Amino acid sequence: MNNLDAGEETVLPIPADYQKEGNAEVEKENGLISIKGRPGGRAGIEFVAPLTDQKVYTISFLCKGNTPLALKLFRIKNGQKTIELEDGVKYIDHFPAVDSEWTLFKGSILVPYIENDSVSMFIGTQSGKECELQIKDL
């Protein structure tokens, strides 16, 4: 077993640019990301994360809302989103969020060898229902 909390911690900056994904309205103010999803499909944000292959990362943030949260990583090859990187973050489709209190999401992942390609991160919901999510301290 590895102690993933051992050693130094380096906080990676989150890019200021992100894309609205799916059927969502997104607002960002003072580090708080608010996502309002409308019925039909997934809703959230997606951005190129500063992750490189063959390293272990811990992704953490606080969330609250009235729908389960999904976090997905995808490989970006030649500027095109390709396969989902399921190693380490498989099945994070229904992380429970609570409307009335902040819940800590914290998970460690190994980004596999992807030939120095980029990684895209989706955070939002796949419920397909009208919903609200808030994310902070990413």
Side-chain angles (χ1 to χ4, degrees):
M1 294 181 71
N2 292 321
N3 178 0
L4 298 176
D5 292 324
E8 288 186 29
E9 178 180 294
T10 303
V11 177
L12 299 176
I14 299 303
D17 294 337
Y18 59 83
Q19 294 180 183
K20 177 182 79 159
E21 181 68 28
N23 203 6
E25 295 176 25
V26 179
E27 293 180 16
K28 184 176 180 184
E29 187 175 325
N30 298 326
L32 178 68
I33 301 169
S34 298
I35 302 167
K36 291 183 181 181
R38 288 177 262 147
R42 67 187 203 162
I45 61 169
E46 193 160 350
F47 56 89
V48 176
L51 309 178
T52 57
D53 58 1
Q54 301 186 77
K55 292 186 180 176
V56 175
Y57 295 92
T58 298
I59 300 170
S60 69
F61 52 86
L62 294 169
C63 66
K64 71 177 178 177
N66 61 2
T67 188
L69 180 128
L71 182 135
K72 300 289 183 184
L73 299 178
F74 297 91
R75 182 176 180 173
I76 305 245
K77 185 169 187 72
N78 300 323
Q80 299 294 316
K81 182 165 71 170
T82 63
I83 62 169
E84 181 178 346
L85 299 177
E86 296 180 332
D87 299 322
V89 293
K90 190 168 186 158
Y91 306 128
I92 300 181
D93 296 332
H94 299 288
F95 181 78
V98 180
D99 227 356
S100 59
E101 63 185 61
W102 291 102
T103 303
L104 175 65
F105 174 91
K106 185 175 182 181
S108 295
I109 55 116
L110 168 66
V111 176
Y113 178 66
I114 55 173
E115 300 173 352
N116 296 315
D117 289 342
S118 300
V119 175
S120 172
M121 181 183 296
F122 167 81
I123 301 175
T125 181
Q126 299 184 133
S127 71
K129 300 176 183 174
E130 189 168 328
C131 60
E132 292 187 26
L133 273 175
Q134 292 183 310
I135 300 163
K136 68 178 184 177
D137 299 338
L138 178 60

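These numbers come from the heavy atoms of this one structure, side chains and all, not from hydrogens, waters or symmetry mates. For the single chain, residues carry numbers from 1 onward in sequence order. Since the structure is predicted, the reported quantities are computational estimates derived from the model, not experimental observations.
Residue Lys36 places its NZ atom among 12 or fewer non-hydrogen atoms of other residues, nucleotides or ligands, all under 6.0 Å distant. At most 12 heavy atoms of other shown residues, nucleotides or ligands fall within 6.0 angstrom of atom NZ in Lys129. For Glu9, the CD atom sits in a loose shell: 12 or fewer heavy atoms of surrounding residues, nucleotides or ligands are nearer than 6.0 Å.
Residues satisfying the side-chain contact (heavy atoms from CB on, under 4.5 Å) criterion with Ala24, sequence neighbours excluded, are Lys20, Val26, Ile35, Ala43. Take Glu130 and apply the side-chain contact (heavy atoms from CB on, under 4.5 Å) test, not counting sequence neighbours, and it matches Pro39. Under the ring pair (Phe, Tyr, Trp, His ring centres under 6.0 Å) criterion, Phe105 pairs with Phe61, Phe95, not counting sequence neighbours.
If you chain together hydrophobic residues whose side chains sit under 4.5 Å apart, Val98 and Leu32 never meet in one group. Under a hydrophobic clustering in which Ile, Leu, Val, Met, Phe, Trp and Tyr are joined whenever their side-chain heavy atoms come within less than 4.5 Å, directly or via other members, Phe47 and Leu62 fall into different clusters. With hydrophobic clusters built from ILVMFWY side chains whose heavy atoms lie under 4.5 angstrom apart, Val111 shares a cluster with Leu138. Clustering ILVMFWY residues whenever any of their side-chain heavy atoms sit less than 4.5 angstrom apart, transitively, puts Phe122 in a cluster other than the one holding Val119. Grouping the Ile, Leu, Val, Met, Phe, Trp and Tyr side chains by contacts below 4.5 angstrom, directly or via other members, places Leu71 with Ile114.
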*Decide side chain to side chain contact (heavy atoms under 4.5 Å, CB included) for Tyr57 and Leu12; before the verdict, give the C-alpha distance in whole Å, the side-chain angles of both, and the deciding distance to 0.1 Å.*
CA-CA 10 Å; Tyr57 295 92; Leu12 299 176; 3.7 Å; yes
_Before you tell me yes or no, could you show the steps for Ile123 and Ile33 under side chain to side chain contact (heavy atoms under 4.5 Å, CB included), namely the whole-Å CA-CA distance, both residues' side-chain angles and the distance that decides it to 0.1 Å?_
CA-CA 10 Å; Ile123 301 175; Ile33 301 169; over 6 Å; no
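Thr82 contributes a side-chain N or O that, together with a main-chain N or O of Arg75, makes up a donor-acceptor pair within less than 3.5 Å. Of the possible donor and acceptor atoms, one in the side chain of Asp53 sits under 3.5 Å from a partner among the backbone N and O of Glu115. A donor-acceptor distance shorter than 3.5 angstrom exists from the side chain of Asn66 to the backbone of Glu132, with no hydrogens or angles considered.
The OG atom of Ser60 sits 8.0 Å away from the CG atom of Asp137 when rounded to the nearest 0.5 Å. With rounding to the nearest 0.5 angstrom, the CD atom of Glu21 is 13.0 Å from the NZ atom of Lys72. The distance from atom CG of Asn116 to atom CD of Gln54, rounded to the nearest 0.5 Å, is 8.5 Å. Between the OG atom of Ser34 and the NZ atom of Lys136 there is a distance of 11.0 Å, given to the nearest 0.5 Å. Summarising the geometry, atom CG belonging to Leu51 is positioned 5.5 Å from atom CE belonging to Met121; distances are rounded to the nearest 0.5 Å. A distance of 12.5 Å separates NZ in Lys55 from CD1 in Ile109, rounded to the nearest 0.5 Å.
Nearest approach of Glu46 to Phe74, heavy atoms of both residues: OE2-CD1, 3.9 Å. Counting all heavy atoms, side chain and backbone alike, Ile76 lies closest to Ser120 at CD1-CB, 3.5 Å. Scanning both residues, Ser118 and Val48, for their nearest heavy atoms gives CB-CG1, 4.1 Å.
Taking the side chain as every heavy atom from C-beta outward, Lys28 and Ile45 never approach each other to under 4.5 Å. Here the side chains of Glu25 and Arg38 are in contact, with some heavy-atom distance below 4.5 Å. In this structure, Leu133 and Thr67 have side chains that are in contact, with non-hydrogen atoms separated by less than 4.5 Å.
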